[in-house]
Amino acid sequence: MNVDPLLPGDPGFDAAVAVLPATGSAPKAVPAAIFAASDEADVDAAVGYARALGRRLTVRSGGHSLSGTHLRGGAVALDLRRLTTLAVDRERGIARLGPGLTSAAAAAGLAAAGCSFPVGHSPLVGIGGFLLAGGNGWQIGTSGPGAGNVRPAPGCAADRVLAARVVTGDGSTRRVDARSDPDLWWALRGAGSAFPGVVTEFTVRVDTHSPVVGRRTWSVPAAAAAELGEALDALEPLPAGVELTVMARPAVRGAMITVVATTFAETERALVAVRSGSASLDRLAGEVVDSGPYASAAALLVAIPDHAANAQWSHHVWGTGSWRAVLDAVPMTQDRPSERSTVLIARAPSGAPEQPAALYRAPGTLGVSAYAHWDPESGTAGAAIGWTHQVLAGVGGSAPRRYIGEADITGDPARIRECFPPGAVERLIRLRSRVDPDRVVASVLDLLD
Ligand SMILES: Cc1cc2nc3c(=O)[nH]c(=O)nc-3n(C[C@H](O)[C@H](O)[C@H](O)COP(=O)(O)OP(=O)(O)OC[C@H]3O[C@@H](n4cnc5c(N)ncnc54)[C@H](O)[C@@H]3O)c2cc1C
C-alpha cells in the first residue's frame, strides 16, 4: 500500500472530509476512512481495504455530485483528485485523461497541445463523474459539416471514450473497451454513480484543433418568452459550431431570460459570420452583449464563475419539444430562491451513431436543469431544493426522463429508474453481481434496496 488511510481523529482528517464535496450543499457525513490515491495501486489498495472492513467505498473525482454520492457516513472515501494524467497523442487524435482532472485543467492541457474535447460547462466539474454520467459539455449537440475546418463533436463526451482502466469492486484491474467486456463498456458510458468500479484513466478521442470561441448574449423580458421560443425554433438547425444556452430567471416581478450563443470556430472571421444570423433575437432583446473572442475553450472556462463557495442543488429533466414548448412549460412568474438561481435550457447531445452500445443516450431534444443557490447558513435548503422540482414539474410530460449526472436522486429513489432506459437498472444490477459481488463500490443502486 503506497498510501495510508486517514482515520477519524487523525490530524487533517476533518479537513480532508470537508473538501470532498465541491458545493456547500452536500449532506454532512463522516466516513470511516479517507484514501487520497495517487495512482492505480492506491485505488486497488483502497478497494481491498474497504472490502476487508466490510464497508462501502465512495468515489470522488471532482466532487460535483449534487446528491453527494462521493460521501457516505461509515463508508471508506476514495479521493481521486490527484489522478490528473494528461497525455496527448495528437498524431493519433487521442488523449489519456485522469479522472481527477477538472474540466478547466483538461481543456487547458489539451489546448496547449493544439487539441480540444467537450469538457463540462463548469470549470471544476471532474472528468471522472462527468464522463461516467455521459457528459453534456461544450461542443456537443451540434451536427453538420462544420464551420470552416471545424468538425463538431458528435454527441456527448462519453461517445469520445475509447477505453478506460478500471478497478472493479471484486479487486480486478481491467482495461475496458469495446471488445473486452460488452456490459462494462456499455455501463462505462452513462452509468454515472451506478458504475460498479473505479475508473483510474480514460482514453478519449480528441479534436486535433483548438477553436476560438465567441459569445453573444441577449437579455429578453420573460413576458416575451413565447415569441423568444419561436425565434429560437426558427434559428434551428443552428450553424455547426454554435451552441445556444437559455437561462430563465423566473420572478413575480422582473423575470428575465438570457440567451447565450457560444460559437466555436476556426477563425475570428468565422465568429463574425455566425453572429449576423441572429437578427430576430436582437429585435426582442433589451440588451445585446458580445464577449470574446476567447483563444480556446480553456480560455472561456477561465471566465466562467465557479460554484464551489455556496450551497447549490440541481434537478434535471429532458424536454422533448421545441424551444417554444419547453419555455412554455417553465413557470416564469414564481420567485426563485436567490438572484443566482436559474433554469438552464440547452440542446441535448445528438448521439453518435457509431457508438450504439452506450448506456447514455439523451432521450429528448433539450436538457432542462434548475439550479438553486442559497446561503448555507440561512436554513432555506428545503425550500430551495423544492423550487428545483416545482419549476420543472411541467417539463418532460407524464413519464419524464432525467440525467444521472444532475437529477436529484436523493429525495425520491424512483428517479434513479427515470435516469435510465427501460431494463437498464436490471442490467446494471446483473453487472454489479458479476464484477462487484460484495457490493464494495457504493452505488446509487443501493438506494433501491
Ligand atoms: C456546477 C456544476 C456544473 C455542472 N455542469 C455539467 C455539465 O456541463 N455537463 C454535465 O454533463 N454535467 C454537469 N454537471 C453534473 C456533473 O457532471 C455530475 O455531477 C458529475 O457526476 C460530476 O462529476 P465529478 O467527478 O465532479 O463529481 P463526483 O462527485 O466526484 O463524482 C460523482 C459520482 O460519480 C462517480 N464517480 C466519479 N468519478 C469516478 C471514478 N473515477 N470511478 C468511478 N466512479 C466515479 C461516483 O459515484 C461519484 O460519487 C455539473 C454539476 C455542477 C455542480
Side-chain angles (χ1 to χ4, degrees), residues 19-26 37 40 43 46-47 56-72 75 77-81 83 97-104 106 118-141 156-158 164-169 176 184 187-188 190-202 243 245 301 304-316 340 342 344 346 348-349 360 362 367 369 371-373 403-409 419 436 441-446:
V19 296
L20 288 174
T23 75
S25 60
E40 195 172 81
V43 171
V47 170
R56 291 276 204 276
L57 181 81
T58 55
V59 187
R60 191 263 193 209
S61 285
H64 274 61
S65 161
L66 288 143
S67 303
T69 51
H70 47 251
L71 183 57
R72 206 187 275 190
L78 177 60
D79 188 343
L80 301 178
R81 81 183 66 209
L83 268 61
L97 303 179
L101 285 167
T102 62
S103 286
V119 297
H121 293 113
S122 215
L124 299 184
V125 168
I127 286 294
F130 171 75
L131 283 179
L132 278 170
N136 304 314
W138 293 111
Q139 295 170 269
I140 58 154
C156 60
R165 292 192 63 81
V166 176
V167 180
T168 42
V176 177
L184 266 176
L188 179 71
S193 40
F195 189 71
V198 183
V199 179
T200 57
E201 186 177 288
F202 295 91
E243 294 179 22
T245 314
L301 275 166
I304 290 177
D306 140 49
H307 300 276
N310 59 10
Q312 190 199 359
W313 202 260
S314 80
H315 189 40
H316 182 283
R340 288 191 64 195
T342 54
L344 189 140
Y360 176 74
S369 301
Y371 292 105
H373 296 255
Y403 177 44
I404 189 67
E406 289 195 285
D408 171 12
I409 49 178
C419 292
D436 185 11
V441 178
S443 166
V444 290
L445 299 177
D446 298 341

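Both counts, for ligands and for their atoms, begin at 1 and track the order of listing.
The distance from ligand 1 to the heavy atoms of H70 drops below 4.0 Å at these ligand atoms: 28 (P), 29 (O), 49 (O). Listed by number with element, the atoms of ligand 1 under 4.0 Å from a non-hydrogen atom of P99 are 41 (N). Short contacts between ligand 1 and S193, defined as distances under 4.0 Å to a heavy atom of the residue, involve ligand atoms 47 (O). Under a 4.0 Å criterion applied to the non-hydrogen atoms of L132, ligand 1 contributes the atoms 36 (N), 39 (C), 40 (C), 42 (N), 43 (C), 44 (N), 45 (C).
When only interatomic distances are considered, the shortest N/O to N/O separation between V59 and ligand 1 falls below 3.5 Å. At least one N or O atom of G405 sits closer than 3.5 Å to an N or O atom of ligand 1. The distance criterion of under 3.5 Å between nitrogen or oxygen atoms is not met by Y371 with respect to ligand 1. In terms of polar-atom proximity, defined here as any N/O pair under 3.5 Å, L80 makes no such contact with ligand 1. For the pair I127 and ligand 1, the shortest N or O to N or O distance does not fall below 3.5 Å. Ligand 1 has a nitrogen or oxygen under 3.5 angstrom from a nitrogen or oxygen of G63. The N/O atoms of S122, backbone and side chain alike, include none that comes under 3.5 Å of an N/O atom in ligand 1.
The side-chain contact (heavy atoms from CB on, under 4.5 Å) check on S61 picks up L80, P99, with sequence neighbours excluded.
Heavy atoms of G197 approach ligand 1 to within less than 4.0 angstrom. Within the 4.0 Å heavy-atom cutoff, W138 does not count among the residues contacting ligand 1.
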For a quick test of your reading: what N or O donor-acceptor pairs under 3.5 Å do the side chains of residues 192-200 make, sequence neighbours left out?
from	atom 1	to	atom 2	distance (Å)
T200	OG1	E40	OE2	2.8
T200	OG1	R165	O	3.3

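When the options A22, A158, S65 are ranked by their closest heavy atom to atom 32 (C) of ligand 1, first place goes to S65.
Only the side chain of L66 comes within 4.0 Å of ligand 1, counting heavy atoms alone; its backbone N, CA, C and O stay farther away.
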